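Single-structure report; data block below.
One is the number of the first residue; the rest follow in order along the sequence. Below, all heavy atoms of this structure are taken into account, side chains as well, without hydrogens, waters or symmetry copies. If you're wondering where the values come from, they're calculated on a predicted model, not measured in any experiment.
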Amino acid sequence: YGPRELVVGEYQIPEGYISMHVDDGIGRGSEKFVERVRKLLKDRFEVEDFDVIRPGEPYEFTGEEFCECADGSGVESHQTKFIQQKLKEVDLTGEKNKDPKVDASHLQSEMRSGVGAGIWTSLRASPEIAFEVSRAAQNINSLLLGDIQRLNKAIRFVKRYPMVMK
C-alpha cells in the first residue's frame, strides 16, 4: 500500500499506523482507520480478522516493543528483550590462539547467527552497529578471528547501551 491509501481524515493526517513483516502485521489507530484497513485487507487478500491494540496498550511485534509516550507525543520503540535474549556473542572461549588474523571458518555458522540478529537489531533499534554488522557479513566467507572479535564488541556495546527510538 502507498501511504495515501492508509491516510484518512479531512487534512490527510494519518489516524493510525501498521507494522508489517512478511505475512504478519500489527498496528493501531482510530476506529475509522481500523475499519478501513480491515476492508482493504479483506478485499485484496485472504485474511482472517485481526486483533486491535487499544491506545495506551504496550505491545511487542517481531522482537520490537512499542508503547505510547506518556505525553502523547508519539510512540517509543526498543528491542531490549530481543537484544538480551537473542543477540548473542560468538563463543570464543575454546579458541587457543587469539590472533585476529587466524582462520575462523569453523565458527561460520555461529557467526551467521550473530550477523543475522545484528542486522535485525541495527535496522530496528540500534543503527550505530550497522557498519560493524555489515563488515562482518562481508567477511563471512573468509572468516578471521578478528572479524568475530569486532562483531562481539559491537554486540557488547548494544547490550550495555540499549537505545529507545521515538
Roughly how far, to the nearest 0.5 Å, is [atom2] of [Y] from [atom1] of [X]?
X      : Y      : atom1 : atom2 : value
Leu87  : Thr80  : CG    : OG1   : 12.0 Å
Leu40  : Phe45  : CG    : CZ    : 9.5 Å
Gln79  : Ser122 : CD    : OG    : 9.0 Å
Tyr161 : Ser126 : OH    : OG    : 13.5 Å
Ser134 : Asn139 : OG    : CG    : 9.5 Å
Arg135 : Gln138 : CZ    : CD    : 8.5 Å

Quick check: does any side chain N or O of [X] sit under 3.5 Å from a backbone N or O of [Y], one acting as donor and the other as acceptor?
X      : Y      : value
Gln108 : Ile140 : yes
Trp120 : Phe82  : no
Thr121 : Ala117 : yes
Glu65  : Lys81  : yes
Asp103 : Leu144 : no

Are Leu107 and Val133 connected in the hydrophobic side-chain network, where two residues link if heavy atoms are under 4.5 Å apart? yes
Same cluster for Leu123 and Phe61 if Ile/Leu/Val/Met/Phe/Trp/Tyr side chains link at under 4.5 Å? no
Determine whether Leu151 and Met111 make a side-chain contact, defined as any pair of heavy atoms from C-beta on separated by less than 4.5 Å. yes
Determine whether Glu95 and His106 satisfy the following criterion, side chain to side chain contact (heavy atoms under 4.5 Å, CB included), listing intermediate values before the conclusion. CA-CA 11 Å; Glu95 299 303 307; His106 60 287; 3.1 Å; yes
Looking only at heavy atoms, what is the nearest atom pair of Ala104 and Ile148, with distance? CB-CD1, 3.8 Å
Taking all non-hydrogen atoms of both residues into account, name the closest pair between Ala136 and Val115 and its distance. CB-CG2, 3.8 Å
Show, in sequence, the C-alpha distance, side-chain angles and deciding distance for Ser113 and Val90, and conclude whether the side chain to side chain contact (heavy atoms under 4.5 Å, CB included) test is met. CA-CA 9 Å; Ser113 294; Val90 176; over 6 Å; no
Test applied, side chain to side chain contact (heavy atoms under 4.5 Å, CB included); reference residue, Leu145; option that passes from Asn97, Asp99, Leu92: Leu92
Pairs touching residues 144-156 that satisfy salt bridge (Lys or Arg N to Asp or Glu O under 4.0 Å), sequence neighbours left out: Glu89-Arg156, Glu132-Arg150
Among pairs that include at least one residue of residues 126-152, which meet ring pair (Phe, Tyr, Trp, His ring centres under 6.0 Å), considering only residues two or more places apart or in two chains? none
Flag yes if more than 12 heavy atoms outside Lys39 fall under 6.0 Å of its NZ atom; otherwise flag no. no
